[in-house]
Amino acid sequence: MADAKVLEAQKWVNSTYGDVPGYSRCAEDGQTGWSTMYSLTMGLQHELGISPLVAAFGPTTLSRLTAYGDIGPGHTNENMVNLVQHALFCKGYWGGSGNGQYSTATLNAVISLTTDMGLTGHGGTVTPKVFKALLTMDAYIVLAGGSEKVRAIQQWLNRNYLDRSTFFIGPCDGHYSRDVQKALMKAIQYTVGIPEDQANGNFGPATRAGLKANTLSKGATGTLVRLFSAACVFNEPVPAGDTQYTSSFKGTYDSDLALFVKAFQRFSMLEDHGGADYPTWAQLLVSTGDPERRVDACDTRFTITDSRARALAAEGYKYVGRYIYDPPGSTLDKEIQPGELDNIFGNQLRVFPIYQDNARQLSDFTYDTGHQHALEAHNRAVGYGFNRGTVIYFAVDYDATDPEITSNIIPYFQGVAGGLARNGKRYVHGVYGSRNVCARITDATYARWSFVSGMSWGFSGNLGFPLPANWAFNQIKEFRFPNGSDSFDLDNNAHRPGTDCGQGSVNDPASPSRDFVDYIAELYDLARSYNQGDPDQLVMEYVRHKSYGDLTWTALIGTLDRDFVTYVEENGAPWKVEFVDSATGQDIGMEHLMATCNGHYLYPQPVDTGRVNHGDVAGWGGDLITFYAEWQRDRASYSSGYQYCVERLAKSNISSTFGYSDLIEDADGYLISNRVRAGTDIATAVRHHYETGGNNDRFSDYRRRRFGTVANTILLARDMLTTDSAVISLGRTTLIQLTAGAGTPVPDMLPSDKLDDFLRGFAEVLHGQAG
């Protein structure tokens with residue numbers, strides 16, 4: 001939507017400087033953007049006597065502006081005042097009428113702006129550094145998805161280091177970014193004693209030496225503790241199993257900070273002592289972390305001969321990444337060679353396959369290219385005998401910016417996912433790239449694991465981004481591996497246990513879901529030999545009997561047979577927690593899956609397709625209720641329910657009560673229950689779903705069978721959140737309060753347009769999965 005004041009600014013700057021040689025006109029569309037800021041910058045340069053004009057606020061502009069002086073009340077150069085006022089318009093601050101007079105409105109707008117920047121006692125004048133910040137696209141209020149905690153650090157940095165010659169005002173939008181990372185690094189450099197004119201925000205030798213000399217531990221206080229805690233905040237949340245750890249900005253190294261640091265160290269594969277030693281500082285500040293630390297994974301383009309495999313194993317390596325494809329005309333000869341896998345497996349090493357076809361420029365990434373690459377990768381992997389469920393890492397060996405990820409990299413990986421699906425999802429896609437590439441591709445296409453190109457520390461996608469939650473390998477150092485006269489280039493990779501462990505063999509006919517399939521068959525046999533009640537129902541009840549406590553499921557879908565629980569445990573089939581889905585590689589919770597199945601089995605779909613029942617609450621409905629509560633908890637950062645759904649619903653890389661695995665469990669529970677209700681026993685239904693491809697089209701089947709159209713999905717979601725059914729209503733209120741706290745508004749209390757926005761987001765995300 002066009003903004004009248006922005007349009008006024010665009011028309012003024014074009015009409016005032018349009019005839020100046022070298023000036024670039026901005027579009028007159030009422031939309032704030034860099035072209036408008038560049039035009040205003042060139043107008044400023046003309047007023048300062050700079051020629052030629054350039055679309056950048058560089059050192060020359062700053063030095064001329066510093067010599068010119070501050071701009072404030074009584075300033076006589078009307079064009080300079082107009083430049084300030086129109087830049088304020090573009091920032092969203094009412095700065096007067098644009099008549100060249102530094103009015104009270106202009107003064108108040110500048111005070112408001114500088115206060116938002118974190119500056120105090122500024123007096124309402126525009127200093128050179130404030131003017132420089134005015135002519136950027138930085139925001140100084142929290143933007144959607146940002147946090148006040150991060151903004152407080154941004155403001156503190158601006159306030160405390162503005163007088164340093166090499167420090168400039170940064171954004172205060174609540175988001176960790178490259179600019180914020182550089183600001184934090186400079187602050188650290190000032191604090192450890194690096195001369196001001198040498199503080200450049202890079203993680204160089206002097207910075208490393210300064211941090212090695214400044215180990216912190218519990219009880220420490222001061223500025224360096226505050227900067228360390230800021231780095232911790234920027235790297236949160238840290239996923240640790242089912243728990244997410246967060247930190248806070250503080251000047252004392254207390255027990256809470258030590259607890260976070262231990263979780264961060266475990267997540268990053270460092271020694272978890274809870275102190276701020278050099279490896280921890282490095283891991284917080286740069287994508288390689290400490291590149292000299294010992295690791296047990298590697299990758300290389302060179303053939304792993306038996307001699308090399310023995311040498312790698314002797315050095316403690318367990319995992320090696322190798323390429324399954326070499327483009328025609330390549331001279332690198334990097335593809336796995338005949339007999340090479342035998343060398344790897346014979347020396348107790350495991351292999352993780354990498355697919356790369358150029359992937360070094362933006363034009364290499366399109367949907368069609370990704371689709372074709374997936375088909376090629378599938379055929380190559382089958383040729384090598386890689387087992388079903390193997391993760392193949394598709395490479396982005398390119399520093400893709402955020403807009404480029406949107407325009408090219410995501411479509412490429414959508415093509416990859418489509419190509420693998422076309423071949424029955426035998427293999428699962430992973431992503432190799434910068435931290436930002438890995439995180440965004442995981443978010444958009446559900447890449448199972450990330451192989452982070454941390455060694456490319458200068459990539460923009462590695463600056464201002466934490467390690468992705470699903471990182472499995474992090475490439476940190478390239479070196480020459482010594483092997484007598486047969487040395488070869490090797491990349492060291494940190495590996496996170498519990499993620500992708502590669503493959504230790506090939507041509508194994510079992511699928512990743514086989515353990516679960518066999519477990520359900522074992523329980524079903526026990527249920528039949530128990531010879532009391534419905535064996536299908538007994539299996540569902542047993543698997544879900546510890547989930548969320550018995551009371552929750554008992555209230556929703558009824559009691560269970562305690563004697564059967566005892567019978568199972570006495571006959572050697574202990575309760576299990578999760579398994580790996582053969583189609584996605586995701587960890588699936590058995591309890592939620594079978595509770596959903598149990599609910600739909602006992603309470604079949606209502607005849608009225610726009611109404612819900614207890615079966616729905618056991619699955620998607622209960623998840624939607626708690627997700628609604630999460631939105632209400634986070635509403636300070638997400639006023640739009642639609643945006644909250646788009647950014648956080650059914651994601652594999654965000655901790656949520658309605659994550660991607662939850663949606664899989666909801667869909668699978670529903671589909672399996674339908675098959676059982678139609679007469680198939682639970683063991684056969686589960687085997688069909690996970691072993692013969694029933695899970696390949698789970699989302700489209702789920703949408704078609706339970707939800708239908710987008711409009712009907714909205715009706716169902718509204719009914720779930722507003723129905724006056726006594727049991728559902730009571731459960732809804734309880735779940736909302738448990739998730740977001742007492743006093744959280746229930747859906748009926750929201751303005752209708754706010755609830756409609758949320759429901760539309762849910763429906764579109766659900767249907768998007770099926771697409």
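For the numbers below, each heavy atom of this structure counts, side chains included, while hydrogens, waters and symmetry mates do not. These numbers were taken from a predicted model, which means no experiment stands behind them.
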**Item:** Donor-acceptor pair, side chain of Asp697 and main chain of Ser700, under 3.5 angstrom
**Value:** no

**Prompt:** Between Asp515 and Lys576, does at least one N-O distance fall below 4.0 Å, as a salt bridge requires?
**Reply:** no

**Request:** Report yes or no: do Ser513 and Glu691 form a side-chain donor-acceptor pair below 3.5 Å?
**Result:** no

**Request:** Apply side chain to side chain contact (heavy atoms under 4.5 Å, CB included) to Val142 and Glu148, showing your working.
**Result:** CA-CA 7 Å; Val142 175; Glu148 287 290 351; 3.5 Å; yes

**Request:** Check the side chains of Asn674 and His600 for a donor-acceptor pair under 3.5 angstrom, ignoring hydrogens and angles.
**Result:** no

**Request:** List the steps, then state whether side chain to side chain contact (heavy atoms under 4.5 Å, CB included) holds for Phe394 with Phe413.
**Result:** CA-CA 8 Å; Phe394 290 81; Phe413 275 91; 3.7 Å; yes

**Arg718 vs Thr723 side-chain heavy atoms within contact, under 4.5 Å** = no

**Prompt:** How about Glu764 and Tyr642: do any of their side-chain heavy atoms sit closer than 4.5 Å?
**Reply:** yes

**Prompt:** Can you tell me if CZ on Arg422 sees more than 12 non-hydrogen neighbours from other groups inside 6.0 Å?
**Reply:** no

**Asked** Does the side chain of Tyr140 come under 3.5 Å of the side chain of Gln154 through a donor N or O and an acceptor N or O?
**Response** no

**Asked** Does the Thr734 side chain pair with the main chain of Leu730, one donor and one acceptor, at a distance under 3.5 Å?
**Response** yes

**Request:** Answer yes if the ring centres of Trp631 and Phe758 are under 6.0 angstrom apart, and no otherwise.
**Result:** yes

**Request:** Please check if any side-chain donor atom of Arg440 sits under 3.5 Å from a side-chain acceptor atom of Thr406, or the reverse.
**Result:** yes

**Asked** When you measure from the side chain of Thr739 to the backbone N and O of Ile736, does any donor-acceptor pair fall under 3.5 Å?
**Response** no

**Message:** Please verify the inter-ring angle class for Phe707 with Tyr702; under 30° counts as parallel, over 60° as perpendicular, anything in between as tilted.
**Reply:** perpendicular

**Asked** Are any non-hydrogen side-chain atoms of Phe699 and Ile664 less than 4.5 angstrom apart?
**Response** yes

**Asked** From Arg706 CZ over to Asp666 CG, what is the distance, rounded to the nearest 0.5 angstrom?
**Response** 12.0 Å

**Item:** Heavy-atom side-chain proximity of Val676 to Met540 below 4.5 angstrom
**Value:** yes

**Message:** side chain to side chain contact (heavy atoms under 4.5 Å, CB included) for Arg435 and Leu467? Distances and angles first, verdict last.
**Reply:** CA-CA 6 Å; Arg435 290 179 169 194; Leu467 266 175; 3.7 Å; yes

**Message:** So does Phe89 get a backbone contact from the side chain of Lys5, meaning a donor-acceptor N/O pair under 3.5 Å?
**Reply:** no

**Prompt:** Do you know the tightest heavy-atom contact between Ser434 and Val452?
**Reply:** C-CG1, 4.5 Å

**Prompt:** What's the shortest heavy-atom distance between Ser673 and Tyr601, and which atoms?
**Reply:** CB-N, 3.9 Å

**Whether Phe234 and Tyr176 hold their rings parallel, tilted or perpendicular, with breakpoints at 30° and 60°** = parallel

**Asked** Nearest 0.5 Å, what's the SG-CZ distance between Cys438 and Phe465?
**Response** 12.0 Å

**Prompt:** Is the closest basic N to carboxylate O distance between Asp443 and Arg648 below 4.0 Å?
**Reply:** no

**Message:** Between Ser511 and Ser582, is there a side-chain donor-acceptor contact under 3.5 Å, judged purely by atom types and distance?
**Reply:** no

**Item:** Side-chain touch Tyr524/Pro535, heavy atoms, less than 4.5 angstrom
**Value:** yes

**Asked** Is there a donor-acceptor pair under 3.5 Å between the side chain of Thr32 and the backbone N or O of Cys90?
**Response** yes

**Item:** Atom pair CZ/OH of Phe762 and Tyr628 - distance to nearest 0.5 Å
**Value:** 15.0 Å

**Message:** Run Asn436 and Asp402 through side-chain hydrogen bond (donor to acceptor under 3.5 Å, both in side chains) and show every step you take.
**Reply:** CA-CA 8 Å; Asn436 191 32; Asp402 215 49; 3.0 Å; yes

**Prompt:** Ser729 and Asp724: side-chain donor and acceptor closer than 3.5 Å?
**Reply:** no

**Request:** Could you label the plane-to-plane angle of the Tyr367 and His371 rings as parallel, tilted or perpendicular, counting under 30° as parallel and over 60° as perpendicular?
**Result:** parallel

**Asp616 and Gln605, any side-chain heavy atoms less than 4.5 Å apart** = no

**Prompt:** Does the side chain of Asp681 come under 3.5 Å of the side chain of Thr684 through a donor N or O and an acceptor N or O?
**Reply:** yes

**Request:** Check whether the side chains of Asp757 and Ser640 place a donor and an acceptor atom closer than 3.5 Å, and report yes or no.
**Result:** yes

**Prompt:** Between Glu404 (side chain) and Thr401 (backbone), is there a donor-acceptor pair under 3.5 Å?
**Reply:** yes

**Request:** Would you mind checking if Asp581 and Arg698 are paired as a salt bridge, meaning a charged N to carboxylate O distance below 4.0 Å?
**Result:** yes

**Asked** Pick from Ser147, Pro466, Ser248, Ser247: which one makes a side-chain contact (heavy atoms from CB on, under 4.5 Å) with Glu236?
**Response** Ser247

**Message:** Could you measure the distance from the CZ atom of Arg675 to the OG1 atom of Thr680? Nearest 0.5 Å is fine.
**Reply:** 5.5 Å

**Prompt:** Less than 4.5 Å apart, any side-chain heavy atom of His429 and any of Arg448?
**Reply:** no

**Prompt:** Looking only at heavy atoms, which two atoms of Ser661 and Asp587 are closest? And how far apart?
**Reply:** CB-O, 3.6 Å

**Fill in**
Thr442 and Ala447 have their tightest heavy-atom pair at CG2-O, 3.6 Å

**Asked** Atom OG1 in Thr366, atom OH in Tyr412: separation rounded to 0.5 Å?
**Response** 9.0 Å

**Asked** Roughly how far, to the nearest 0.5 Å, is the CG atom of Asp719 from the CD1 atom of Ile714?
**Response** 13.5 Å

**Any His689 side-chain heavy atom under 4.5 Å of Val686 side chain** = no

**Message:** Can a donor-acceptor pair be found, under 3.5 Å and without considering hydrogens, that links the side chain of Thr369 to the backbone of Phe365?
**Reply:** no

**Request:** Output, in order, the C-alpha distance, side-chain angles, deciding distance and verdict of side chain to side chain contact (heavy atoms under 4.5 Å, CB included) for Ile153 and Val233.
**Result:** CA-CA 9 Å; Ile153 298 172; Val233 170; 3.8 Å; yes

**Item:** Within the 6.0 Å centroid threshold, strictly below: Phe579 and Tyr690
**Value:** yes

**Asked** If you take all heavy atoms of Met137 and Lys91, which pair is closest and at what distance?
**Response** C-NZ, 3.8 Å

**Prompt:** So, Tyr660 and Gln769: side-chain donor and acceptor under 3.5 Å apart, yes or no?
**Reply:** no

**Asked** So with a 6.0 Å cut-off around CG of Leu738, is the heavy-atom count from everything else above 12?
**Response** yes

**Request:** Taking all non-hydrogen atoms of both residues into account, name the closest pair between Val416 and Ala374 and its distance.
**Result:** O-CB, 3.2 Å

**Request:** Mind checking side chain to side chain contact (heavy atoms under 4.5 Å, CB included) for Ala740 and listing every partner two or more places apart, or none if nothing turns up?
**Result:** Ala629, Arg633, Thr744

